[in-house]
Amino acid sequence: MHLFGNKFYIIFISIWIVGLYIISTTFHFTPSTDKGSKDRIEYLQKEVDSLRQKLSGVQSSSNECEELKGELKRVKRQLLGKTDGAKNVQNGPALEYEQLRRKIEIQARELSYFTTNQLNKISEKLSDADDKLKWKNVIERFGDQSRVLLASIRNITNVDRYQAWREHEHESLSKLMQARLNYLQNPAKPCTDVKRFTCDINKACGYGCEIHHAMHCFHIAYALGRPMILQSSGWRYNPRGFDQIFQPPSLNCNTSMASGASSWDAYKTADVVKIPLIDDIQPRTEFMPMSIPADISKRLIRLHGNPFVWFTGQLMKYLLRPQDWLMEFMKKKFEEIKFETPIVGIHVRRTDKVGTEAAFHDISEYMKYAEDYYITYQYQNPNSKFIKRVYLATDDPSVFNDARTKYPDYVFYGDTIVAQSAQLNTRYGTESLKGVLLDIHFLSLSDYLVCTFSSQICRVAYEIMQQRVIDGAWRVQPLDDVYYFGGQNPHNQRAVISHKAIWPNEFSFERDHIIGTEGNHWDGFSKGSDKTNGQSGLYPSYKTEEIVNIGQMYTYPEIQIEENDL
């Protein structure tokens with residue numbers, strides 16, 4: 001096993017060197033009038049060549065591998081600091097550039113939603129067969145041009161020379177967050193000497209719901225700098241507790257140190273405070289979901305299109321660290337199904353959700369967006385040949401046969417046994433939980449998600465996905481709701497363009513008005529209310545932008561991440 005690890009590591013370093021070589025040659029052939037910069041890049045290229053020679057002589061010694069790793073990191077950091085003329089890759093893109101790039105994609109998608117919806121409505125009113133065919137061709141042509149446009153927008157990050165910065169910033173922020181969370185949950189003092197929170201995971205709802213409850217508690221613990229003690233005895237998914245599935249949240253704070261907890265209204269002074277359900281918290285505070293920490297807010301807003309989702313993903317990364325048996329179980333399933341990319345993850349939630357929290361959605365509604373993704377992907381990568389794959393997660397076993405019958409040109413991954421275990425009569429218990437965790441794991445590994453955000457399972461998968469990808473805010477197509485966190489503080493948008501109502505049920509507003517949004521209808525319109533003039537109804541989605549909630553939270557001055565630690 002040790003030898004295999006070293007061989008894998010040497011192969012990894014080899015690939016890394018190739019990547020560094022590509023970076024260096026890219027800079028080398030970029031015209032520049034700075035002779036000193038050219039000389040420095042040539043020097044770094046020689047270092048890469050030297051490291052490649054060292055690699056060829058590396059045996060199975062882990063010490064030599066570690067030395068080489070450190071040397072490669074040093075060269076990589078220096079290469080990332082080189083520029084092509086006016087662009088400073090080390091400092092990264094301007095905030096305005098990143099926001100505009102994302103805004104262009106959002107506007108393109110909103111234009112597609114609106115126009116496609118209106119064209120389909122016109123088509124439904126046509127009676128002549130020839131007219132219907134012509135209109136069908138118009139709709140298909142518009143859809144195709146929309147995908148070409150999206151492909152071009154998404155390829156901007158491949159050519160703007162900032163992707164190395166994005167990767168580095170993602171890694172840097174993640175390292176910082178995980179170091180902070182480890183410090184929070186494992187205080188240097190005895191746990192009984194620090195102020196702490198306790199949270200009971202047993203909310204008597206499904207897995208996604210209970211995990212989001214735990215995340216709400218963890219969010220508050222992070223915000224106030226108090227370690228969280230998770231109470232999970234008798235957990236419906238594993239009566240022996242959370243720690244049997246995931247690693248303990250803390251090594252030195254346990255449930256015996258949570259006795260005598262005070263109510264939430266004493267959170268500023270009491271030694272131990274129990275965090276209630278998010279819906280029951282009074283008074284509410286500005287640091288509650290969906291807020292992000294003020295001290296890293298500028299970095300997060302520049303890095304990610306949905307900063308709160310990224311932040312929640314980092315909380316999950318720490319709290320949901322799998323036990324060894326679970327990690328091995330996931331690895332075995334990964335190898336069994338031969339999981340490969342590109343792949344679209346689809347989550348079809350039926351059973352208790354349909355008719356209560358969500359409407360019924362036929363598999364064709366999901367597959368439309370899967371097909372859109374693959375066509376756009378092909379336009380992004382015109383020389384790429386691939387198999388269209390879908391990881392299908394559902395609580396309705398009949399969906400598998402339906403999907404495979406209607407879409408024979410797709411390869412569907414998924415397990416009817418897992419789907420059966422998600423039925424209401426078998427949903428709770430460790431075996432069912434293993435199936436849920438598998439589905440979330442593979443959904444989060446997908447390149448794109450299609451789901452209903454009314455289901456917390458898909459929201460969990462979307463949040464976990466952000467641990468892996470660089471700004472994956474766009475990598476989802478919900479069929480019903482926008483992303484939300486149950487019990488969140490008000491979800492507001494800002495009007496960026498004034499609007500005069502011309503459609504039925506619309507309301508007018510002025511630029512800079514605050515709009516409380518209640519959801520996107522994915523047809524060019526959203527529903528909400530103007531908090532300035534009191535009007536409510538529908539409004540054009542493209543005339544507003546998200547307001548990122550920023551909360552004053554503990555800043556963890558004890559934790560510093562040096563460049564050499566990355």
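- Summarising the geometry of Met316 relative to Ile464, their closest heavy-atom pair is SD-CG1, 3.8 Å, with the distance given to 0.1 Å.
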Practice problem: Start with the C-alpha distance between Asn520 and Glu110, add both sets of side-chain angles, then the distance that settles side chain to side chain donor-acceptor pair (under 3.5 Å), and finish with yes or no. | Solution: CA-CA 10 Å; Asn520 192 317; Glu110 288 295 339; 3.0 Å; yes
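- For the 3.5 Å distance criterion, the side chains of Ser446 and Arg475 fail to qualify, holding no donor opposite an acceptor.
- Look at Arg459 and Glu463 and you find no salt bridge, because none of the NZ, NE, NH1 or NH2 atoms lies under 4.0 Å from a carboxylate O.
- For Tyr542, the ring-ring contact (aromatic ring centres under 6.0 Å, His included) criterion is met by no residue, not counting sequence neighbours.
- A donor and an acceptor atom, one from each side chain of Ser454 and Asp480, are located under 3.5 Å apart.
- Annotation: ring-ring contact (aromatic ring centres under 6.0 Å, His included) contacts of Phe287 (sequence neighbours excluded): none.
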Side-chain donor-acceptor contacts of residues 242-254 below 3.5 Å, not counting sequence neighbours, with atom names and distances?
residue, atom, partner, partner atom, Å
Gln244, OE1, Arg240, NH2, 3.3
Gln247, NE2, Pro322, O, 3.4
Ser250, OG, Gln185, O, 2.5
Ser250, OG, Asn252, N, 3.2
Ser250, OG, Asn252, OD1, 3.3
Ser250, OG, Cys253, N, 3.0
Asn252, ND2, Pro187, O, 3.1
Asn254, OD1, Ser256, N, 3.0
Asn254, OD1, Ser256, OG, 2.3

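- Taking the six-membered ring where tryptophan is involved, the planes of His212 and Phe485 are perpendicular, since the angle between them exceeds 60° and thus also 30°.
- Phe442 meets the ring-ring contact (aromatic ring centres under 6.0 Å, His included) test with Phe339, Tyr391; sequence neighbours excluded.
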Quiz prompt | salt bridge (Lys or Arg N to Asp or Glu O under 4.0 Å) between Glu431 and Lys434, worked out | solution = CA-CA 5 Å; Glu431 285 305 309; Lys434 287 165 65 177; 3.6 Å; yes
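- Arg302 is linked by a side-chain hydrogen bond (donor to acceptor under 3.5 Å, both in side chains) to nothing, counting only residues two or more places apart in sequence or in another chain.
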Quiz item: Between Glu98 and Arg166, is a side chain to side chain contact (heavy atoms under 4.5 Å, CB included) present by the stated rule, with each step listed?
Solution: CA-CA 10 Å; Glu98 291 295 85; Arg166 295 182 186 105; 2.9 Å; yes
Quiz item: Would Tyr183 and Glu558 count as a side chain to side chain donor-acceptor pair (under 3.5 Å) if you check the C-alpha gap in whole Å, the side-chain angles of each, and the deciding distance to 0.1 Å?
Solution: CA-CA 9 Å; Tyr183 173 84; Glu558 306 88 350; 3.2 Å; yes
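- Within 6.0 Å of NZ in Lys527 there are 12 or fewer heavy atoms belonging to other residues, nucleotides or ligands.
- Asp271 is linked by a side-chain hydrogen bond (donor to acceptor under 3.5 Å, both in side chains) to Lys195, counting only residues two or more places apart in sequence or in another chain.
- Between Gln456 and Tyr207, the side chains place no donor N or O within less than 3.5 Å of an acceptor N or O (distance only, hydrogens not considered).
- A donor-acceptor pair is defined here as one N or O able to donate and one able to accept, closer than 3.5 Å; no such pair exists between the side chain of His219 and the backbone of Met290.
- A side-chain donor from one of Thr517 and Tyr539 sits under 3.5 Å from a side-chain acceptor of the other.
- Judged purely by distance below 3.5 Å, without hydrogens or angles, the side chains of Gln477 and Trp522 never pair a donor atom with an acceptor atom.
- Asp396 and Thr394 share no side-chain donor-acceptor pair at under 3.5 Å.
- Judged as a side-chain hydrogen bond (donor to acceptor under 3.5 Å, both in side chains), and not counting sequence neighbours, Glu518 has no contacts.
- Defined by atom type and a distance below 3.5 Å, a donor-acceptor pair is missing between the side-chain atoms of Asn202 and Arg236.
- Annotation: Gln552, atom CD; neighbour count of heavy atoms from other residues, nucleotides and ligands within 6.0 Å does not exceed 12.
- Distance alone, capped at 3.5 Å, places no donor-acceptor pair between the Gln314 side chain and the Met177 backbone.
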Exercise. Take Phe453 and Tyr462 through the test ring-ring contact (aromatic ring centres under 6.0 Å, His included) and record every step on the way to the result.
Key: CA-CA 10 Å; Phe453 265 161; Tyr462 179 55; 5.5 Å; yes
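- The two residues Met228 and Phe218 have their closest heavy-atom pair at SD-N, 3.6 Å.
- Within the structure, salt bridge (charged side-chain N to carboxylate O under 4.0 Å, His left out) pairs that include any residue of residues 307-330 do not occur (at least two apart or interchain).
- Counting heavy atoms from C-beta on, the side chains of Leu224 and Met553 never come closer than 4.5 Å.
- A side-chain N or O of Tyr97 and one of Asp160 form a donor-acceptor pair less than 3.5 Å apart.
- Checking Leu445, Asp439, Leu443, Leu437 one by one against His441, the side-chain contact (heavy atoms from CB on, under 4.5 Å) holds for a single residue, Leu445.
- Within the structure, the ring pair (Phe, Tyr, Trp, His ring centres under 6.0 Å) test picks out the following pairs touching residues 249-276 (sequence neighbours left out): Trp264-Tyr267.
- Scanning for ring-ring contact (aromatic ring centres under 6.0 Å, His included) contacts around Tyr554 gives Tyr556, with sequence neighbours left out.
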Quiz item: What's the verdict on side chain to side chain donor-acceptor pair (under 3.5 Å) for Gln467 and Ser174, showing C-alpha distance, side-chain angles and the deciding distance?
Solution: CA-CA 8 Å; Gln467 302 168 14; Ser174 180; over 6 Å; no
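- Identified under the disulfide (SG to SG under 2.5 Å) test for residues 309-346, with sequence neighbours left out: none.
- Proximity of the aromatic rings of Phe311 and Tyr222 is defined here by a centroid distance below 6.0 angstrom, and this criterion is met.
- Residues forming a side-chain hydrogen bond (donor to acceptor under 3.5 Å, both in side chains) with Asp372 (at least two apart in sequence, or on another chain): Arg147, Lys368.
- When only modelled atom types and interatomic distance are considered, Glu546 and Tyr483 share no side-chain donor-acceptor pair under 3.5 Å.
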